[in-house]
Amino acid sequence: MSESVKKGAASSFAKSLAMPILIIGAVWLMFGRAIGYDFVNWDDPVFTYQSPLVSGRSENPLREAFTTASAGYYAPILWLTLRGCYRLWGADPAGYHALNVALHSLNAALVYVLLRRLGAGRMSFPAALLWALHPARAESVAWITEIKDVLSGFFCLAGAIAVIDSCNDFLYRRGGIRNRGFIAGVLLMILGFGAKPTVVVWPMSALLLVVFAPRLAKYKGRKDETIDESDSQRFRRLAIYFVPVVLIACAFAIQFHAVQSRAGVTRQGLEATAAQRFLLASASIRFHLEKTFMPVDLCPCYPRPVNVGFGNPGFADAVVVSLAILCAAAVFWKRKPWLTVALGFFVITMLPMLQIIPTAIAFADRYTYLASILLFAWMAVETDSLATRLCGNAAGKISAAFLAAAIAAESLLAAPSLEVWRDSASLWSSVIAWHENGAIGSRWKRNSDTAEILLKARINYATALHRAGRLAEAETFYRDALRQFPDSRPLYMGLARALIDKGELVESENLLRYVSARWTDNPIADFELMRLYLKKDDWQSAEAVLPRAIMIPGWNPPVFHFWGQEFMRLGRPIAAIACFERCVRDCPGDPDFRLAHAEACLAAGRQSDARASLEKCLNLDGGNERAKAILGRITSGQR
């Protein structure tokens, strides 16, 4: 190879990397500050350090991730990823945030590559930036729990690119599908299902892109190529290859829906008629399109619309918008294929979030993470085409100026959206302000269910104040909220916890006894009474409530381990054994809990039980010197 050819190849390679690197840099410039943010008390703890699939010790974590669910969520790849994060960073939020930002920056680069494959040409760069820096992306990037979005997005985008590349010759009838590339793309999509099961529609989204890639590429690219078959013919040729991955997607969807139903996430029995579900789907399409093109008045927790019917003006205009979308897709199909494909891609990718199966949260900014990609591509392509028709040779500068202004406007709007996720107090204070202060243009606030959201926001905001050590503010907020919501058990419990930490044990005990007597179906009050009595060294009262306190649902081995140690300190090994048994039940793969159980059994004179726990401890951790020493003493007949 001649020197000039080598230099040309190197220059071409450098140019091909320049745009993705610039996009990655822009994402880090916008979202990098999230690394300094905290966990928020909305799902972050239960998806990270409080999840047994993440922080718990297991004899077989790989099998556990694929056979169990946590937090009402079946997503084995997600749980394995978070488990790896916990091993690296523990309960330090900085590492999780860094991973979210890194994945989103890679996704932005992949969007650029994908749009280049689809023929968006020079408009791929501004379109990728418009998507990546959109204010709605703040929720997916800055909220640790939504690693689901960025992780599944990475696999889905990489899979779509691999599939398009493998089908390139097939589309233009120059040869068959390259099997290795296609299989790699399918496997990447399946990994996406395991990161976030709601992306199970992605094979259909990818099929849409592959089928219509030749038509989209006529914008800037293969003008010399001839499309010698109809789209329906191309679809029939391609669809058979997607059947296996669609069947796997269906299996994931069924499993995920079953887990969500058992966890109570889906709202069974609500909006059950076909007409109501159609109205909700229409409302969802309209709402998310509006927030995509007018990203103002964003809120982390939107109200759920009520009175779902044709008589509700909010639903009437949603139906009109949905019908207008269908008409636009049909009318402009031949002249503006980017618009039609973008709308089709949006609806297909949004299918799981269109409330066909009603869920607790009807609308959310994060729902458009993947669905909105082609809308920005259409916007950029249409801007360039319009500038070319109107301005001729100056089109490039005109379209570049317009798109640069749009990107700058997005960046200004994204900054405050990002700050919302700085910590729990910031998050919930913004939700409360949005719902109470008359947000701009929020039609659903006039006819929606806001009381439940406001109650949740107040509870979580007061909890955030409490955990930040601002006990006086937390107490005041709890008392004010109780005057408005006197039947809220979480508010009573929150006030009691704040009073315990302030040292006002008499009032907190009275509150907890009131809660225990009023709500007899849940041992949460006894759980807190245990903490109060152990703080007072009142072992008799603590032992009295232990049988109910230990029945509290959820995964709490660190708490029960602490209680067991407190009972050992007070000389009550039988009570300690009950606590350590709960630890072992919750986390059977942790040798430290087995050792603690053995020591309590030994203190209670139950040497056979102590021996069994020590042997199990050594099976899990053969190098545990303390367990070896205690077992040696038992074997030699010493106490």
Side-chain angles (χ1 to χ4, degrees), residues 40-43 135-136 138-140 143 145-146 198 260 264-272 276-319 321-322 350 352-369 413 416-417 420-421 424 426-464 481 484-485 487-488 490-491:
V40 296
N41 58 352
W42 184 14
D43 287 351
E139 186 168 303
S140 297
W143 185 9
T145 296
E146 285 310 308
T198 52
Q260 294 263 286
V265 177
T266 55
R267 296 165 65 97
Q268 297 176 347
L270 296 179
E271 294 85 49
Q276 287 178 316
R277 295 192 179 189
F278 168 73
L279 289 173
L280 270 178
S282 300
S284 184
I285 291 172
R286 186 205 187 289
F287 180 89
H288 291 102
L289 281 175
E290 177 184 332
K291 293 301 179 183
T292 296
F293 290 110
M294 293 186 293
V296 295
D297 192 30
L298 302 182
C299 180
C301 204
Y302 293 108
R304 182 179 180 84
V306 294
N307 299 330
V308 181
F310 287 97
N312 185 337
F315 289 103
D317 69 359
V319 172
V321 169
S322 298
M350 282 285 294
M353 316 315 303
L354 293 185
Q355 300 303 297
I356 296 169
I357 299 174
T359 57
I361 299 176
F363 308 140
D365 297 335
R366 61 188 179 276
Y367 290 171
T368 61
Y369 186 77
L413 292 171
S417 295
V420 166
W421 298 94
S424 299
S426 176
L427 169 64
W428 296 112
S429 62
S430 71
V431 173
I432 293 170
W434 193 93
H435 285 270
E436 288 186 339
N437 297 339
I440 305 167
S442 295
R443 63 178 51 77
W444 297 119
K445 289 184 66 175
R446 297 194 297 269
N447 197 9
S448 59
D449 182 10
T450 60
E452 182 180 349
I453 294 175
L454 272 173
L455 174 58
K456 176 182 178 181
R458 286 191 173 94
I459 293 169
N460 288 335
Y461 179 67
T463 302
Q484 188 172 357
F485 301 98
D487 296 323
S488 171
L491 285 175

Plane angle bin for W421 and W143 - parallel if under 30°, tilted between 30 and 60°, otherwise perpendicular | parallel
Looking at side-chain heavy atoms only, is the closest gap between [X] and [Y] below 4.5 Å?
X    : Y    : value
L455 : L491 : yes
R458 : F485 : yes
D297 : K291 : yes

Verify side-chain contact (heavy atoms from CB on, under 4.5 Å) between V319 and F278, making sure each step is shown before the conclusion.
-> CA-CA 9 Å; V319 172; F278 168 73; 3.9 Å; yes
For [X] versus [Y], what's the shortest heavy-atom pair and its separation?
X    : Y    : result
P135 : P295 : CG-CB, 3.8 Å
V40  : S424 : CA-OG, 3.2 Å
P352 : T198 : CG-O, 3.1 Å
F363 : P303 : CD1-O, 4.3 Å
T145 : D43  : OG1-C, 3.3 Å

Scan side-chain atoms only and decide if W428 and N41 contain a donor-acceptor pair under the 3.5 Å cut-off.
-> yes
Could you give the distance from [atom1] ([X]) to [atom2] ([Y]), rounded to the nearest 0.5 Å?
X    : Y    : atom1 : atom2 : value
S284 : L289 : OG    : CG    : 9.0 Å
E139 : L427 : CD    : CG    : 9.0 Å
E290 : T292 : CD    : OG1   : 10.0 Å
I285 : M353 : CD1   : CE    : 13.5 Å
C301 : H435 : SG    : NE2   : 5.5 Å

Residue from Y369, Y367, Y302 passing ring pair (Phe, Tyr, Trp, His ring centres under 6.0 Å) with H288 |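 Testing H288 for a ring pair (Phe, Tyr, Trp, His ring centres under 6.0 Å) against Y369, Y367, Y302 leaves exactly one candidate, Y367.
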Could you tell me whether the side chain of T463 and the main chain of I459 form a donor-acceptor pair under 3.5 Å?
-> yes
